[in-house]
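Note sheet for the following structure.
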Amino acid sequence: QPLQWLAQLKVHLLRKTTYIVMALDHLTSDVQTLDTVRIDSTLSQPLGTSLLLSLSIENLHEVAADFRYDLHKGLENPDESSLRMLKSYVGLPTGEETGEYLALDFGGTNVRVLRIRLDGHGKFEVLKKVAKPLRVEGVYDFVGEGSTAEQQFDFIAELVDEAIEGDHTTKYLLGHTFSFPSEQTDLYNAKLIIWTKEFATAGVEGKVVNDLLKEALHRQGIDNVEPTAVINDTVAVLLAAAYKQADTYIGSIYATGHNTCYFEPFKGKAERPMILNLESGGFMKLAPNRFDAEFDAQSEKPGEQRLEKMVSGRYMGELFGMAIAELLGEKGKKYGFTSIDMSNIILDEMAGLTEVGRIVSAKTGHDLEEVDRQRLQELASALVVRSARLVTATYVGIIWQLAGDDAIKKQHIAIDGSVYEKMPLAKENIMRALSELLGESASLVDTVLENGGSGLGAAIAAAMSQKQA
């Protein structure tokens, strides 16, 4: 019985985890710190594997199965799943959408407006691009306390005017990538629940953001631009990739943060097929090791965003620093390692690993011997490999859910983000994990980089809004 097998596997993994943690606690009880630090070889030996619990094929299978289970439960009752299952109210494009559209990319302090021509057959051209920050120190600030919704959206309306080059006659539909927590009831209506990312602009929370934009456009006489669609950045990635390449059903951001969406066909149900935003960084059915647990306890939101804290670029450097601090006998000290530091450490092929030594010395104040530089390079690699394998297990959970009892069909996974695009070891370990989990069917699945999604995806959503009107 599958459920019985999973239960036995969980017990086995729990025991395995306990033994590793006990061994690590023993190993980390004695760290020698000298002017030139030499990490005890018996201590540093497990860095590449045990320290951050390398994921076996059995581990991966359980994560993928648990992710699929949460998908299944989420479709029945989202309250019983750690996945949000947020409706986007938009399906997949055909690739034949045509026309000129505006795209507003509003996901942080830098705002972009693009005028894009869709030519069909998956082709497009960016005709105009305008980008400006919402805050310039000492000049203006439309995101901090004291700023208002009217000021903020009037500023955005000015960017729109620049993108259409003052043309107040031609009719344009506008799609809006809005990357803040929102409550959405259809493709147009998205109410901001709460600001994040240090935004504090008054008068936006609880309001329909497209209404605020439409009012600002009207104040400036730009009544020929009609906002018609709001999507989040992950949905935008999937729309952009699916427009260019058929058989793309999964979209993901694998960068500073992490999230995934997918196209749910709702087979045998009355609901209209559409893309669901999973907010998958909040997936909780994972076995964190003690570094993960300590980091979570010290984080802004303990007990939340477990997957994101174990895989995203924002947190990998911090976990790496925590492990090094303990090995150097400075547990609790923060060095400020970043995912960029980890990338440079992994890529160092110079004799003596001088770049590893330089980075670690600059961050910690300690000089390491070559053998220890090598072991810290192994630690950085282990963290990236773990991240890639965990993320891939979630993709496979979706692939299994979509296939159901049928065979897996040919498909692409669209991924945007610096970790996927630039972090060494990430791509190859995604492909390796796909092979381990899917076996022969892995040849039917590949990953594609989609790094222009927030603009193109918004334009496509605007084009698709005509069909839904």
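Values below: every heavy atom of this structure, side chains too, minus hydrogens, waters and symmetry copies. By convention here, the first residue in the shown sequence is residue 1.
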What is the minimum heavy-atom distance between [X] and [Y], and which atoms define it?
{"X": "Ala462", "Y": "Thr228", "answer": "CA-OG1, 3.8 Å"}
{"X": "His412", "Y": "Ala246", "answer": "CD2-O, 3.1 Å"}
{"X": "Pro302", "Y": "Ala297", "answer": "CG-O, 3.9 Å"}
{"X": "Ala393", "Y": "Leu437", "answer": "CA-CD1, 3.9 Å"}
{"X": "Gly91", "Y": "Leu239", "answer": "O-CD2, 3.3 Å"}
{"X": "Arg272", "Y": "Phe266", "answer": "O-CD1, 3.5 Å"}

Regarding [X] and [Y], do their side chains bring together a donor and an acceptor under 3.5 Å, going by distance alone?
{"X": "Tyr335", "Y": "Glu330", "answer": "yes"}
{"X": "Asn259", "Y": "Asn277", "answer": "yes"}
{"X": "Asp341", "Y": "Asn344", "answer": "no"}
{"X": "Tyr420", "Y": "Thr447", "answer": "yes"}

For [X] and [Y], indicate whether the former's side chain and the latter's backbone hold a donor-acceptor pair under 3.5 Å.
{"X": "Arg389", "Y": "Leu55", "value": "yes"}
{"X": "Lys244", "Y": "Phe124", "value": "no"}
{"X": "Ser312", "Y": "Gly257", "value": "no"}
{"X": "Asp296", "Y": "Ala293", "value": "no"}
{"X": "Glu97", "Y": "Gly95", "value": "yes"}
{"X": "Arg135", "Y": "Thr109", "value": "no"}
{"X": "Thr364", "Y": "Val360", "value": "yes"}
{"X": "Lys73", "Y": "Pro78", "value": "no"}
{"X": "Gln411", "Y": "Leu444", "value": "no"}
{"X": "Tyr254", "Y": "Ala388", "value": "yes"}

Could you grab the distance from atom [atom1] of [X] to atom [atom2] of [Y], nearest 0.5 Å is fine?
{"X": "Lys267", "Y": "Leu402", "atom1": "NZ", "atom2": "CG", "value": "7.5 Å"}
{"X": "Leu276", "Y": "Leu238", "atom1": "CG", "atom2": "CG", "value": "10.5 Å"}
{"X": "Leu92", "Y": "Tyr243", "atom1": "CG", "atom2": "OH", "value": "14.0 Å"}
{"X": "Glu349", "Y": "Gln377", "atom1": "CD", "atom2": "CD", "value": "8.0 Å"}
{"X": "Ser179", "Y": "Ile253", "atom1": "OG", "atom2": "CD1", "value": "6.5 Å"}
{"X": "Leu368", "Y": "Glu370", "atom1": "CG", "atom2": "CD", "value": "11.5 Å"}

Run Tyr188 and Tyr89 through ring pair (Phe, Tyr, Trp, His ring centres under 6.0 Å) and show every step you take.
CA-CA 9 Å; Tyr188 174 92; Tyr89 299 95; over 10 Å; no

Quick check: do [X] and [Y] have side-chain heavy atoms less than 4.5 Å from each other?
{"X": "Phe67", "Y": "Leu278", "value": "yes"}
{"X": "Thr177", "Y": "Asn232", "value": "no"}
{"X": "Leu425", "Y": "Glu428", "value": "yes"}
{"X": "Tyr101", "Y": "Ile116", "value": "no"}
{"X": "Val419", "Y": "Met316", "value": "yes"}
{"X": "Trp195", "Y": "Glu205", "value": "yes"}
{"X": "Leu383", "Y": "Met342", "value": "yes"}
{"X": "Met85", "Y": "Leu75", "value": "yes"}

Considering residues, nucleotides and ligands other than Ile340, do more than 12 of their heavy atoms fall under 6.0 Å from its CD1?
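Count not over threshold, so no.
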
Take atom NZ of Lys197 as the centre, draw a 6.0 Å sphere, and report whether it contains more than 12 heavy atoms from other residues, nucleotides or ligands.
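Yes, enclosed.
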
Is there a side chain to side chain contact (heavy atoms under 4.5 Å, CB included) between Phe283 and Arg306? Walk through the geometry before answering.
CA-CA 6 Å; Phe283 179 60; Arg306 179 170 294 172; over 6 Å; no

Can [X] and [Y] be counted as an ion pair, charged N to O under 4.0 angstrom?
{"X": "Arg314", "Y": "Glu308", "value": "no"}
{"X": "Lys191", "Y": "Glu183", "value": "no"}
{"X": "Arg358", "Y": "Glu355", "value": "yes"}
{"X": "Lys87", "Y": "Glu264", "value": "no"}
{"X": "Lys285", "Y": "Asp66", "value": "no"}
{"X": "Asp247", "Y": "Lys409", "value": "no"}
{"X": "Lys123", "Y": "Glu96", "value": "no"}
{"X": "Asp292", "Y": "Lys309", "value": "no"}
{"X": "Glu378", "Y": "Arg375", "value": "no"}

Step-by-step side chain to side chain contact (heavy atoms under 4.5 Å, CB included) determination, Arg373 to Leu376
CA-CA 5 Å; Arg373 296 174 189 176; Leu376 292 188; 5.9 Å; no

Evaluate Ser454 against Arg112 for side chain to side chain donor-acceptor pair (under 3.5 Å), listing each step before the verdict.
CA-CA 9 Å; Ser454 56; Arg112 299 188 307 153; 3.0 Å; yes

Would you check, one step at a time, whether the test side chain to side chain contact (heavy atoms under 4.5 Å, CB included) holds for Ser280 with Leu83?
CA-CA 6 Å; Ser280 60; Leu83 300 172; 4.2 Å; yes

Let's go through Phe180 and Phe178 carefully: what are the C-alpha distance in whole Å and the side-chain angles of both, what is the deciding distance for ring pair (Phe, Tyr, Trp, His ring centres under 6.0 Å) to 0.1 Å, and is it a yes or a no?
CA-CA 6 Å; Phe180 297 91; Phe178 188 68; 5.1 Å; yes

Salt bridge (charged side-chain N to carboxylate O under 4.0 Å, His left out) between Glu421 and Lys427, intermediate numbers included:
CA-CA 8 Å; Glu421 185 177 5; Lys427 286 183 191 175; over 6 Å; no

List the steps, then state whether ring pair (Phe, Tyr, Trp, His ring centres under 6.0 Å) holds for Phe320 with Phe337.
CA-CA 7 Å; Phe320 182 64; Phe337 282 99; 5.2 Å; yes

